[in-house]
There are 2 protein chains.
Amino acid sequence: MTRTALTSEEVLTTAARLVRADGPGALTMRRLATELGTAVTSIYWHVGNRESLLDALVERTVREMGEIHPAGDTPHARIVSVARALHSALRERPQLIAMVHERGLTERMFLPAQQALVHEMHAAGLRGETAAEAVRAIQFQVVGFVLVERNRERSPEQHPSEGELWDSPTAEHDPALARALAGPADTGRLFTVSLEALVSSLLAPGVADG
Amino acid sequence: MTRTALTSEEVLTTAARLVRADGPGALTMRRLATELGTAVTSIYWHVGNRESLLDALVERTVREMGEIHPAGDTPHARIVSVARALHSALRERPQLIAMVHERGLTERMFLPAQQALVHEMHAAGLRGETAAEAVRAIQFQVVGFVLVERNRERSPEQHPSEGELWDSPTAEHDPALARALAGPADTGRLFTVSLEALVSSLLAPGVADG
DNA sequence: ACCTGAACACCGTTCAAGT
DNA sequence: ACCTGAACACCGTTCAAGT
């Protein structure tokens, strides 16, 4: 009983499924071979080694990310919408994004978004290095946020101990603050606040020129 | 020829050295045993397994991070100084910080800084949930930045291809922008710009209350 | 051109046996 | 109380041998 001819396409698809389901750590060559119904060594013929398989997976993810469609009437609104779209796109593919991150390909994944942002910065009147800096500030903000959020999600256990430690002198004459810092962060709101602050500052005339 | 009695302290110190030198991936139980001059299995008696060894390492790093000393005359300046201190402290211990990050203990590591920030927010007149939100916005900003920077450092190779892709329509009538985006980002400046924008916005009266 | 099993050099971990 | 070697079940990868 032999199976139909193996293709690198099939290897990639199955590998992507495993990563999405159980994370990159669960993608072992032997498990992949079992899943595909072939010998481990056949995979090597088609995709080289594990490293290049992961490279191909990442490449595919970058392509699949798709285009960005800015929405809104003002440059400010359209920039914010791009940042938000990026934010949720990244959040929907946590494991694959982590792999893109590990491989340092985050920038290339961001290229379409970057071009959209450049367009909007131009519309807002920014040019040259100032515009470039503004675009990058947005990117850093969004990527940084996603990374921090992922970090927090992976460890919901630590908050109690953090709560204990907030029985500090400061906490006593500001209980509302202590309560807020003991509980989980409202990351959605933090994202909005920080993003609005940044965009407003970037679009304010003459600020980024110092 | 027997060596002096093994202690868990010695195991931790040697393990920390290996991680600092070659990263967490290089810390294998067998290599650690060789380095210590004992059998692999002795380590298990002292520190449990690899996982709890890494836990202990991380715990130690968090403690060693030390205190934060705000500098400057205005709350704005002092908040910025705390953020900067955090930023460089994190950058000086990349591998160990990565482990703290992986284990989701970033928050606990940030506790002293958090308390310093709360103090400054109070000095600036912020209270309760507004102050808590402001503190967290700063934290997210700094941590996010460090993570993005580390990601970029790990992959200096990708810029050429990014440069190629910047032969786009927009690039032609703004060559300065294309040049800026093709080259490496000035992360120090981006950090300053974003941080100043955020702090100014957070300390502006009545903004974070909507 | 494509697939295979055997073999190699690595892992982390357990456990009975030593002192 | 502390240390040990043998053994187990995993890895990724190579390579000669098959069709």
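Chain naming here is simple, since letters A, B, ... match the order of the sequence lines and numbering starts at 1 in each. Just the heavy atoms: all of them, side chains too, but no hydrogens, waters or symmetry mates, feed the values below.
- By the side-chain contact (heavy atoms from CB on, under 4.5 Å) test, Ser8(A) is found to be paired with His46(A), Val47(A), residues two or more places apart in sequence or in another chain being considered.
- Per the geometry, CD1 belonging to Ile43(B) stands 9 Å off P belonging to dG12(C), to the nearest Å.
- Separating the CD atom of Glu51(B) from the P atom of dC11(C) is a distance of 17 Å, rounded to the nearest angstrom.
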Atom pairs under 3.5 Å, N or O on each side, protein against nucleotides 14-19 of chain D: can you list them with distances?
none

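- Taken residue by residue, residues 5-27 of chain B places heavy atoms nearer than 4.0 Å to DNA chain D at Ala5(B), Leu6(B).
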Using residues 12-21 of chain B as the side-chain source, report each donor-acceptor pair under 3.5 Å to any protein atom, sequence neighbours left out, with the distance given to one decimal.
{"from": "Thr13(B)", "atom 1": "OG1", "to": "Glu9(B)", "atom 2": "O", "distance (Å)": "2.9"}
{"from": "Thr14(B)", "atom 1": "OG1", "to": "Glu10(B)", "atom 2": "O", "distance (Å)": "3.0"}

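- The side-chain contact (heavy atoms from CB on, under 4.5 Å) search around Thr192(A) returns Arg84(A), Glu196(A), not counting sequence neighbours.
- Legend: residues meeting side-chain contact (heavy atoms from CB on, under 4.5 Å) with Gln141(A), ordered by chain and number and at least two apart, are Ser194(A), Leu198(A), Gln141(B).
- For the pair Leu57(B)/Leu27(B), a side-chain contact is recorded, criterion being any heavy-atom separation below 4.5 Å from C-beta on.
- Between dA1(C) and His46(A), no contact under 4.0 Å exists linking OP1 or OP2 to a side-chain N or O.
- Note on residues 37-46 of chain A: no pairs pass salt bridge (Lys or Arg N to Asp or Glu O under 4.0 Å), not counting sequence neighbours.
- With Asn49(B) contributing its side chain and Ser52(B) its backbone, the two residues share a donor-acceptor pair below 3.5 Å.
- The interatomic distance linking Arg50(A) (CZ) with dC10(C) (C1') rounds to 15 Å, in whole Å.
- Atom pair Arg31(B):CZ and dT13(C):C1' shows a separation of 20 Å (rounding to whole Å applied).
- Note on residues 4-33 of chain B: no pairs pass ring pair (Phe, Tyr, Trp, His ring centres under 6.0 Å), not counting sequence neighbours.
- The nearest whole Å value for the distance from the CE atom in Met29(B) to the P atom in dG5(D) is 16 Å.
- In this structure, the CH2 atom of Trp45(B) is 18 Å from the P atom of dG5(D), given to the nearest Å.
- Residues forming a salt bridge (Lys or Arg N to Asp or Glu O under 4.0 Å) with Asp55(B) (at least two apart in sequence, or on another chain): Arg103(B).
- Atom CZ of Arg30(A) and atom P of dG5(C) are 12 Å apart (whole Å).
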Encoded 5' to 3' (Watson-Crick or G-U under 3.5 Å; [ ] crossing; | other strand), DNA chain C becomes ||.|||||...|||||.||
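- Each salt bridge (Lys or Arg N to Asp or Glu O under 4.0 Å) pair with one or both residues in residues 41-50 of chain B, not counting sequence neighbours, would appear here, but there are none.
- Taking Ala77(B) as the reference, Thr74(B) meet the side-chain contact (heavy atoms from CB on, under 4.5 Å) condition, with sequence neighbours excluded.
- In this structure, of dG12(D), dT13(C), dT4(D), it is dT4(D) that holds the atom nearest to the side chain of Ser42(B).
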